[in-house]
Amino acid sequence: MAGKKRPLVVITRKLPDPVETRMRELFDARLNVEDRPMTQPELVAAVKEADVLVPTITDHIDAALIAQAGENLKLIANFGNGVDKIDVAAAAKKGITVTNTPNVLTEDTADMTMALMLAVPRRLAEGANVLTGEKKWAGWSPTWMLGRRIWGKRLGIVGMGRIGTAVARRAKAFGLSIHYHNRHRVLPAVEDELEATYWESLDQMLARMDIISVNCPSTPATFHLLSARRLALMQPTAYIVNTARGDIIDEESLIKLIQDGKIAGAGLDVYEHEPALNSKLLKLAHKGKVVLLPHMGSATLEGRIDMGEKVIINIRAFFDGHRPPDRVLPLRT
Ligand code: 8YV
């Protein structure tokens, strides 16, 4: 890019310092140092003048916004793996390339999934709250704060992509048997390594698992994939964990089934209308039925710096006339 006009890159949120420093060196970078989410009018102004937009999960990059983009906007380099907030098809129609940041957050997100898979059945948050709560701890008791064992149990993974597979590896090490439902079977070598059982029928898998982990992307096809009907198939002793996207689960139905004791509990890092949280979920959290986290699946300094570096690599490749390594294609309908 030496000697060429530096692309005007508008970054919608505050990114880790090393990433911002590098972006300032390479691009005509417009940073968001206060980290105040951009309003839609500010996003419109940004797409009208930018060569590159770097959005995050808090930005709605829909067809209406893309329609207002200026002729300079040629690349939307998402800071994030999931592109469910970007209308990739509308961007493609307008000749705008979209990239994301896969792989670098896989292990961190899988770690958080495992943490939630342990936290709910083993009552981690409840136990921690006892010691930080008002009441003085009365000490150990043989039958107090008993949770449920996870090793030796059956884990059903919905979506056996990079993150689902990383979750399976961890869960196998924790002594769970691995089951999965996916659009396609994974490679035989991967199934063998994980001793994983493929379930073509999601319904049948849901009815027989002790723990369900949601690890598929949010797309029109996976909206409420875990519907009221499907959630009702789960065993009353079963738990569900979601570190993918909130709208894959019919949240109201999940809440009702947990309230009625038809599902044992849930570990959630994502919500259907985040950042708005359903108050009934908060009530269930106070009862220890659910453990709720604020979308921090990939929240490690290392992971977020790696995500930023991937954004930089995608921008540089694009402006060097190459196909960016993490180009996202519109979903085939
Ligand atoms: C990101 C995520 O932090 O990558 C994703 O899809 O959900 C998170 O890891 C978030 O998307 C940032 O935009």
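Because the structure is predicted, anything quoted here is derived from the model rather than measured. In each ligand, atom 1 is the first atom listed, and ligand 1 is the first ligand listed.
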For this session: Examine distances only and state if a side-chain atom of D320 and a backbone atom of H322 form a donor-acceptor pair shorter than 3.5 Å.
Result: no
For this session: Check each atom of ligand 1 against the heavy atoms of L105 and keep those under 4.0 Å away; list them by number with element.
Result: 4 (O), 9 (O)
Exercise. Can you list the atoms of ligand 1 that are under 4.0 Å from a heavy atom of F79?
Worked result: 12 (C), 13 (O)
For this session: Give the residue and atom name of whichever protein heavy atom lies nearest to atom 5 (C) of ligand 1, and the separation in Å to one decimal.
Result: N81 N, 3.4 Å
Exercise. Who's the nearest protein heavy-atom neighbour of atom 11 (O) of ligand 1, and how far?
Worked result: I57 CB, 3.6 Å
Exercise. Counting each atom of ligand 1 from 1 as listed, which ones have a heavy atom of R245 under 4.0 Å away?
Worked result: 2 (C), 5 (C), 6 (O), 7 (O), 11 (O)
Problem set entry | Atom pair CD1 (I61) and CG (D87), whose distance is rounded to the nearest 0.5 Å | 10.5 Å
Problem set entry | Numbered atoms of ligand 1 (with element) below 4.0 Å of G82, judged on heavy atoms | 4 (O), 5 (C), 6 (O)
For this session: Describe, in one word, how the ring planes of Y198 and Y180 are oriented to each other, choosing from parallel (under 30°), tilted (30 to 60°) and perpendicular (over 60°).
Result: tilted
Problem set entry | Nearest heavy-atom neighbours spanning P7 and V52 | CB-CG2, 4.5 Å
Exercise. Between the candidates P217, S298, G297, S218, which shows the shortest non-hydrogen contact distance to atom 9 (O) of ligand 1?
Worked result: S298
Problem set entry | Where ligand 1 meets R304 - atom numbers and elements under 4.0 angstrom, heavy-atom basis | 3 (O)
Exercise. Is a salt bridge present between D326 and K310, judged by a nitrogen-to-oxygen distance below 4.0 Å?
Worked result: yes
Exercise. Which ligand 1 atoms, with their elements, are less than 4.0 angstrom from a heavy-atom of T56?
Worked result: 13 (O)
Exercise. Should you measure from each heavy atom of H295, which atoms of ligand 1 turn up under 4.0 Å away?
Worked result: 2 (C), 7 (O), 8 (C)
For this session: Can you establish whether the number of heavy atoms outside E25 located under 6.0 Å from its atom CD is more than 12?
Result: yes
For this session: Might you point out which heavy atoms bring G303 and D108 nearest each other, and give the distance in Å?
Result: CA-OD2, 3.6 Å
